[in-house]
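Comments concern the structure below.
Residue numbering restarts at 1 for every chain, and letters A, B, ... go by the order of the sequence lines.
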Amino acid sequence: MSSLKPVRGTRDILSDDILRHRHVEETARAVASRYGYAEISTPIFEFTEVFARTLGDTSDIVTKEMYTFEDKGGDRITLRPEGTAGVARAFISEGLAQNLPLKFFYRGPMFRYERPQKGRLRQFHQIGVELLGVVRPLADVEVIALGAHILDALGLAGKVVCELNSLGDGESRDAYRARLVDYLKNHKDKLSADSRDRLERNPLRILDSKDETDREIVAGAPLMSDSLNGDSRRFFDELLKGLETAGVPYKINPRLVRGLDYYCHTAFEFTTDALGAQGTVLAGGRYDGLIRQMGGPQTPGIGWAAGVERLAMLVEGTPKLARPLVVVPIGEEAEERAFAVTQGLRRAGFSVDLGFSGNLGKRMKRANALNARAAVILGGDELARGAAAVRDMDSGEQAEVPLTALEEHLGRFR
RNA sequence: GCGGGAGUAGCUCAGGUGGUUAGAGCGCCAGAUUGUGGAUCUGGAUGUCGUGGGUUCAAGUCCCAUCUCUCGCCCCA
């Protein structure tokens with residue numbers, strides 16, 4: 001094995017893997033497009049403040065996971081750890097507030113400096129959507145239904161569960177946080193070290209702690225739903241009703257929280273038990289305060305992101321490429337004419353491979369390895385008659401076809 | 001960042017207690033078949049044994065460090 005290796009947590013993606021990635025991305029793009037989501041591509045790096053300001057100073061992403069560096073001009077630059085901040089920044093930079101509501105689909109690499117595991121990499125890929133400018137819960141319904149639709153189109157409906165919760169508006173969330181902290185402080189000495197730390201930093205996170213004693217304590221904790229004010233309660237009820245109307249199955253999980261500070265109201269995760277500790281496959285929520293926090297006009301938003309690597313691991317089988325034709329020249333004179341024949345077929349819309357060397361036997365072997373549908377054999381005898389031998393690689397049947405009728409004859413193999 | 005497991009051919013893996021030229025299957029290459037692929041048969045090449053250091057007459061094997069993968073924690077897609 002060579003000592004030349006990719007950087008830790010990065011991968012070359014090729015052959016079957018890249019086909020699966022492409023399948024995931026193209027399926028998502030096609031379904032999102034049916035819902036009217038326009039694709040947007042934002043830079044993979046931004047000024048560090050774009051992420052630092054929006055993700056919250058206490059989040060792990062900001063404190064330890066960002067790839068941040070100073071460029072030659074002295075600017076602080078960060079490789080994007082997630083997609084929402086960049087879309088929000090573009091919304092402000094491009095003055096898009098005139099055109100609300102807006103719906104975006106994006107895809108591309110994200111970067112987080114963390115310890116790699118299965119389904120968790122330092123460079124990974126996400127697909128995601130954002131819906132900006134709609135305060136009504138119907139927006140949440142559409143965004144979640146779109147996520148469910150994409151997972152269904154990928155054949156994963158039976159492998160995932162949509163877990164759902166409401167964090168309420170700011171008022172509800174603050175009220176709940178206070179009640180929760182009050183309760184947990186009474187059990188502080190029994191909490192795990194991690195959770196005692198979280199009590200200061202991010203108390204809501206304690207709700208989904210994996211520590212057993214924590215779980216026992218959490219079982220008796222006040223419920224978020226009891227702290228929702230009237231507006232928040234109504235919002236959540238409308239969302240649930242909408243999902244039922246849309247036929248999206250869900251499971252309410254009162255302990256579901258989101259790591260990032262800007263979420264409010266709706267939080268959801270599509271999870272699977274097929275990927276070990278990295279069970280979250282598509283997740284998102286509502287972020288009504290984000291754009292104003294970044295310095296833009298008050299603009300509500302909701303969206304989600306999904307990990308392409310994780311989805312690709314769940315997708316069964318390998319998407320097949322279209323089977324090519326192969327042109328096989330025999331002899332020097334035929335080789336000179338083969339490229340012109342090949343180009344003619346390519347211009348006519350066929351996928352055609354023309355090898356660079358080899359005798360007949362080798363070229364036929366390669367045609368077989370490429371899973372060619374048919375071979376167009378150009379031998380001296382055939383060319384002298386202005387024809388080619390067309391061999392069906394499945395049946396082995398071979399027929400002589402005049403070059404002038406080649407495209408028409410090959411139509412059956414398209 | 002913390003804890004456990006693992007790194008031998010392109011791939012999947014064998015290599016008791018240290019002992020000569022490190023093996024198998026798959027794949028690859030060549031030939032049987034110089035105008036015909038898949039199947040079969042014959043032959044061939046697989047390699048700094050992850051990397052660096054140490055112990056020893058002798059290290060794939062033992063010790064230390066380091067890197068990468070993997071499982072879990074943290075966190076998240």
## Note on the structure
Any strand, both distances under 3.5 Å, Watson-Crick or G-U wobble: B:U61 pairs with none

### Task
Establish, with yes or no, whether the OP1 or OP2 oxygen of B:G72 is under 4.0 angstrom from a side-chain nitrogen or oxygen of A:Q117.
yes

#### Entry: Partner nucleotide of B:G31 by Watson-Crick or wobble geometry (both distances under 3.5 Å)
B:C41

### Task
Output yes when A:R122 and A:E114 qualify as a salt bridge under the 4.0 Å nitrogen-oxygen rule, no when they do not.
no

#### Entry: Candidate nucleotides B:G37, B:G1, B:G35, ranked by approach to the side chain of A:R115 - the nearest
B:G1

### Contact under 4.0 Å: A:R8 side-chain N or O vs B:C69 OP1/OP2
yes

### Message
Could you tell me the Watson-Crick or G-U partner of B:A77, where both distances fall under 3.5 Å? Say none if there is no partner.
### Response
none

### Query
Which nucleotide in the set B:C74, B:G37, B:C76 lies at the smallest distance from any side-chain heavy atom of A:R198?
B:C74

### Task
Whole angstrom is fine here: how far is it from CD in A:E65 over to P in B:C75?
10 Å

Output one line per pair: protein atom, nucleotide atom from nucleotides 25-31 of chain B, and distance, for all N/O pairs under 3.5 Å.
residue: B:A30; atom: OP1; partner: A:K362; partner atom: NZ; Å: 2.9

### Query
Considering only heavy atoms from C-beta outward, does the side chain of A:V281 approach that of A:L151 to under 4.5 Å?
yes

### Task
Quick one: look up who B:C69 pairs with, Watson-Crick or G-U, both distances under 3.5 Å, and put none if it's unpaired.
B:G5

### Query
Does the base of B:G37 carry an N or O that pairs as donor and acceptor with the side chain of A:R391 under 3.5 Å?
yes

### Task
Could you check which residues of residues 373-384 of chain A get a heavy atom under 4.0 Å from RNA chain B? Sort them by number, please.
A:I377, A:G379, A:G380, A:D381, A:E382

## Note on the structure
Taken to the nearest whole Å, CE/A:M364 to C1'/B:G35 is 10 Å

### Message
I'd like to know if A:E400 pairs up with A:R385 as an ion pair, taking the criterion as any Lys NZ or Arg NE/NH1/NH2 lying under 4.0 Å from an Asp or Glu carboxylate oxygen.
### Response
yes

### Task
State which of B:G72, B:A77, B:C67 makes the closest approach to the side chain of A:E114.
B:A77

### Given B:G1, B:G35, B:C75, the nucleotide with the shortest approach to the side chain of A:R205
B:C75

